[in-house]
Protein chains: 2
Amino acid sequence: MASVTIMDVARHAGVSKKTVSRVINNEANVKDEMREKVNRAIQELGFKRNPLGMALAKNRSLFIALLSDNSSPGYLMNLQKGILQGCSEEQMGLFLYDCDYRSPTLVQEVEAYIDNTLVDGLILRPPMCDKLELLEMLDRKNVAYIRIGPKDLNRGESLGFNSAKASYDITHYLLKLEHRHIGFILGHPEQRSSQLGEEGFRKAYKEAGLKVNEALIAQGYYTYQSGMDAAATLLNNTPRPTAIFAANDEMALGVLYEVQSRNLKVPADISICGIDDIAQSTKVWPNLTTIRHPLLTIGYQAACLLIGRLKNKKTAGPARGPDGTQIFDGELVIRASTSTAPKAIEVGT
Amino acid sequence: MASVTIMDVARHAGVSKKTVSRVINNEANVKDEMREKVNRAIQELGFKRNPLGMALAKNRSLFIALLSDNSSPGYLMNLQKGILQGCSEEQMGLFLYDCDYRSPTLVQEVEAYIDNTLVDGLILRPPMCDKLELLEMLDRKNVAYIRIGPKDLNRGESLGFNSAKASYDITHYLLKLEHRHIGFILGHPEQRSSQLGEEGFRKAYKEAGLKVNEALIAQGYYTYQSGMDAAATLLNNTPRPTAIFAANDEMALGVLYEVQSRNLKVPADISICGIDDIAQSTKVWPNLTTIRHPLLTIGYQAACLLIGRLKNKKTAGPARGPDGTQIFDGELVIRASTSTAPKAIEVGT
DNA sequence: GTGAAAGCGCTAACAC
DNA sequence: GTGTTAGCGCTTTCAC
């Protein structure tokens with residue numbers, strides 16, 4: 001392209017390269033008069049700073065990437081959208097990297113990715129954000145990161161969701177609807193949010209003075225298929241649960257499928273709810289009762305935080321500020337998939 | 001980082017910088033002996049070429065981006081996955097840019113994005129790939145692109161899906177099931193695929209010697225909501241259609257919702273089908289009969305094609321090869337949402 | 001075939 | 001406050 005360089009601007013404004021550099025970097029110690037002259041030249045010439053030149057000289061690309069695996073696409077979609085919004089405002093690009101959480105060479109793969117793209121900031125979602133070796137590698141390479149997930153490793157900043165409260169709220173709601181046989185599908189056992197969710201579930205029972213039926217707790221993995229499988233197990237229980245609460249919507253959708261395929265009516269025969277409020281939850285019939293997870297906000301904030309930190313980072317050192325962990329609360333959204341428990345409990349098949 | 005530069009390698013191997021450069025760029029005119037020496041040094045030192053240095057010197061970043069808007073998330077998810085696979089194999093990063101198709105300043109926004117990231121290749125999906133002004137801007141800026149979509153502008157390479165055949169196949173299938181009142185929901189009127197789809201639909205009728213009932217053709221926009229709306233209209237027809245065929249799955253899901261919310265049974269009362277086979281189609285009950293759109297393959301190929309072209313492009317010029325348009329056929333996937341037409345047709349509400 | 005020098009666009013360190 | 005010089009890591013002349 002007819003690229004206008006910083007040199008052209010300098011000549012046009014009758015100043016030195018460095019002064020122009022100072023102006024475009026918003027540095028102090030530039031006379032207003034000069035600044036204006038330079039800005040005018042930039043306008044007139046249509047100058048755009050070449051990020052590559054900057055990156056090379058500063059040894060910081062300002063590129064960031066979202067590391068994700070592809071389980072729970074609805075969740076990812078929302079988060080991605082929020083992040084992109086933040087990037088767009090900050091005029092930054094977002095790299096995407098799709099990795100397999102279970103890959104034994106995960107850390108090396110990510111490292112190679114960083115070397116290839118020179119990103120210097122990463123947004124990590126679960127389950128990646130809980131992988132200690134990964135975080136250690138990033139620290140070693142001096143790559144900044146924001147973790148999306150409940151803080152439990154004391155590393156970097158993280159933006160979390162209040163899984164315990166969400167779980168508590170849903171359970172409380174179901175108990176209020178007089179459900180006494182609630183099936184609960186846990187999240188991925190290796191993710192912190194799963195334990196927190198279980199705590200919330202139990203807390204609601206305890207406060208209601210009721211005892212949890214352990215037979216109605218099933219293991220899930222946050223995936224659609226695991227929701228289906230767990231539902232199949234739970235539905236074979238006697239008495240059959242009058243409600244099933246899955247730790248995320250992706251699994252709840254699996255439950256819904258399993259229930260409907262057995263010709264049970266939702267919510268007449270059985271209530272279903274999840275957590276997250278992904279787009280799909282309002283695209284199935286009946287719409288899912290859930291907890292709204294402010295993923296868009298979280299994604300947006302994560303992007304802004306990360307970019308802000310990269311832009312301000314003077315020295316390269318891993319000088320992470322005080323723990324900036326922020327926890328977001330969800331909000332109960334009552335839709336058509338839940339109702340009061342059916343009066344008579346039949347022993348179904 | 002302990003970054004090893006090309007200079008270090010040169011010293012270690014006892015050759016000049018340039019020779020190393022030749023080796024890592026796989027250029028001809030290097031003695032095998034030299035090449036080996038250099039390669040050994042690269043190994044020993046763990047050298048990785050800094051893409052930024054290259055980008056600056058060559059004025060080509062090799063970065064590519066996927067331009068998308070967020071309608072039809074399932075479609076996007078699949079495409080994205082395919083593209084990422086290709087990028088990963090080629091050791092390239094993928095930038096993501098989410099834009100609003102309807103924005104009046106779309107072209108400027110994309111241009112600013114290119115200036116900010118210096119991407120020199122773009123993958124365009126519909127509806128972006130049909131925007132002539134956008135393509136013109138890209139040509140002017142000498143940014144390569146691959147269009148995902150039916151070729152109709154004679155610009156660049158494109159990977160297309162055979163929408164006409166897909167539509168024909170579905171319609172043919174429904175007619176074979178003795179449906180005679182098929183509601184058809186068109187795609188976005190500004191996208192070429194929509195017209196092709198309509199042609200396929202009509203062709204199937206014609207070949208069967210039947211006449212299309214124009215009242216049963218409704219306008220859609222490829223979005224979930226537009227599918228719901230169109231279904232609402234179609235279901236009020238007398239006689240009510242015994243099947244509804246939507247031009248993509250996203251809309252078909254909207255139809256399914258609308259139908260189920262009216263307490264109609266699928267497929268007993270009404271059959272539903274779509275096109276694309278997005279993940280969601282096997283996550284609803286009943287699973288959707290559809291045409292499998294090889295989006296993963298298309299995305300993968302698009303990435304490989306684009307990257308390949310960038311890597312080989314000697315001179316910057318927009319020297320696009322002969323038209324490499326490739327059309328992929330879909331494949332009928334029969335699932336639970338379709339069955340033979342109900343015998344007696346009731347006039348419903 | 002190979003190497004020396006110059007330069008991509010920008011910023012860092014140090015003068016003035 | 002501002003300008004000068006050197007250099008980020010790589011590639012491109014163009015000699016040899």
Side-chain angles (χ1 to χ4, degrees), chain A residues 1-38 41-42 45-63 115-118 120 310-311 313-316, chain B residues 1-38 41-42 45-63 115-118 120 310-311 313-316:
Chain A
M1 294 294 79
S3 48
V4 182
T5 80
I6 203 178
M7 199 57 221
D8 299 324
V9 176
R11 266 195 292 267
H12 193 89
V15 299
S16 79
K17 257 165 71 169
K18 181 62 205 172
T19 303
V20 178
S21 171
R22 285 198 178 97
V23 171
I24 61 184
N25 284 302
N26 261 318
E27 280 175 36
N29 292 344
V30 184
K31 259 204 204 138
D32 285 356
E33 185 194 343
M34 281 268 154
R35 195 180 294 275
E36 216 168 286
K37 244 195 322 195
V38 171
I42 288 177
L45 269 51
F47 167 79
K48 304 257 185 130
R49 114 145 20 87
N50 182 331
L52 259 34
M54 186 215 75
L56 191 56
K58 282 218 217 200
N59 195 26
R60 299 202 283 117
S61 70
L62 292 189
F63 291 149
D115 289 337
N116 286 329
T117 54
L118 293 188
D120 44 28
L310 291 177
K311 282 191 175 166
K313 188 160 61 174
K314 277 287 161 228
T315 58
Chain B
M1 294 287 78
S3 48
V4 182
T5 80
I6 202 179
M7 199 57 221
D8 299 323
V9 176
R11 265 195 292 267
H12 192 89
V15 299
S16 79
K17 258 165 70 170
K18 181 60 207 173
T19 304
V20 178
S21 172
R22 285 198 179 99
V23 171
I24 62 184
N25 284 302
N26 261 319
E27 280 174 36
N29 292 346
V30 184
K31 260 203 203 137
D32 285 356
E33 184 194 344
M34 281 268 157
R35 194 181 295 274
E36 218 169 286
K37 246 196 322 196
V38 171
I42 289 178
L45 270 50
F47 166 80
K48 305 255 187 132
R49 124 168 346 93
N50 182 329
L52 259 35
M54 186 214 76
L56 191 56
K58 281 217 214 195
N59 195 26
R60 300 203 281 118
S61 69
L62 292 190
F63 292 149
D115 289 337
N116 287 329
T117 53
L118 293 187
D120 44 26
L310 291 177
K311 282 190 175 166
K313 189 161 61 173
K314 275 289 160 226
T315 58

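Quick note on labels: first sequence line is chain A, next is B, and so on, each numbered from 1. Bear in mind the structure is a predicted one, so any value in this text is a computation, not a measurement.
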**Report entry** Contacts of type side-chain hydrogen bond (donor to acceptor under 3.5 Å, both in side chains), residue A:R35, not counting sequence neighbours
**Finding:** none

Report task. Please figure out whether B:N50 or A:N29 has its closest DNA chain D nucleotide nearer the 5' end. Result -> A:N29

Report task. For A:R49, check side-chain hydrogen bond (donor to acceptor under 3.5 Å, both in side chains) against everything at least two apart and list the hits. Result -> A:N25

Requested in this report: Quick one: list whatever passes side chain to side chain contact (heavy atoms under 4.5 Å, CB included) with B:A57, sequence neighbours left out.
Outcome: none

Query raised in the report: Between OG of A:S16 and CE of A:M7, what distance do you get to the nearest 0.5 Å?
Result: 8.5 Å

**Report entry** Spacing of CD1 belonging to B:I6 relative to CG belonging to B:L45, to within rounding of 0.5 Å
**Finding:** 12.5 Å

Query raised in the report: Contacts to DNA chain D from residues 11-24 of chain B, heavy-atom cutoff under 4.0 Å, which residues?
Result: B:K17, B:K18, B:S21, B:I24

Requested in this report: Using side chain to side chain contact (heavy atoms under 4.5 Å, CB included) as the criterion, list what pairs up with A:I42, not counting sequence neighbours.
Outcome: A:V9, A:I24, A:V38, A:N39, A:F47

Query - Heavy atoms of other groups near A:E36 CD, more than 12 under 6.0 Å - result: no

Requested in this report: Mind checking the NZ-CZ spacing from B:K17 to B:R11? Nearest 0.5 Å is all I need.
Outcome: 10.0 Å

Query raised in the report: Quick one: bend of the helix from C:dG1-D:dC16 to C:dC16-D:dG1 from 5 pairs per end, to 10°?
Result: 30°

Query raised in the report: Going 5' to 3' along DNA chain C, which nucleotides are the first and last within contact of chain A (any atom under 4.0 Å from a heavy atom)?
Result: C:dG9 to C:dA13

Report task. Would you indicate whether the side-chain heavy atoms of B:H12 and B:V4 approach each other to under 4.5 Å? Result -> no

Query raised in the report: Under the side chain to side chain contact (heavy atoms under 4.5 Å, CB included) test, which residues partner B:T117, sequence neighbours left out?
Result: B:F95, B:Y113, B:V119

**Report entry** B:L118: side chain to side chain contact (heavy atoms under 4.5 Å, CB included) partners, not counting sequence neighbours
**Finding:** A:N50, A:P51, A:L52

Report summary line: Nt span of DNA chain D in reach of chain A heavy atoms at under 4.0 Å, 5' end first, is D:dG1 to D:dG9

Query raised in the report: Using a cut-off of 4.0 Å on non-hydrogen atoms, how would the nucleic acid contact of A:M34 be classed: base, sugar-phosphate, or nothing?
Result: sugar-phosphate

Report summary line: 5'-most contact on DNA chain C (nearest-nucleotide basis), B:G53 vs B:V30, goes to B:V30

**Report entry** Atom pair NZ/CG of B:K37 and B:D32 - distance to nearest 0.5 Å
**Finding:** 13.0 Å

Query raised in the report: Got a sec, which residues hit salt bridge (Lys or Arg N to Asp or Glu O under 4.0 Å) with B:K48, two or more places apart in sequence or on another chain?
Result: A:D115

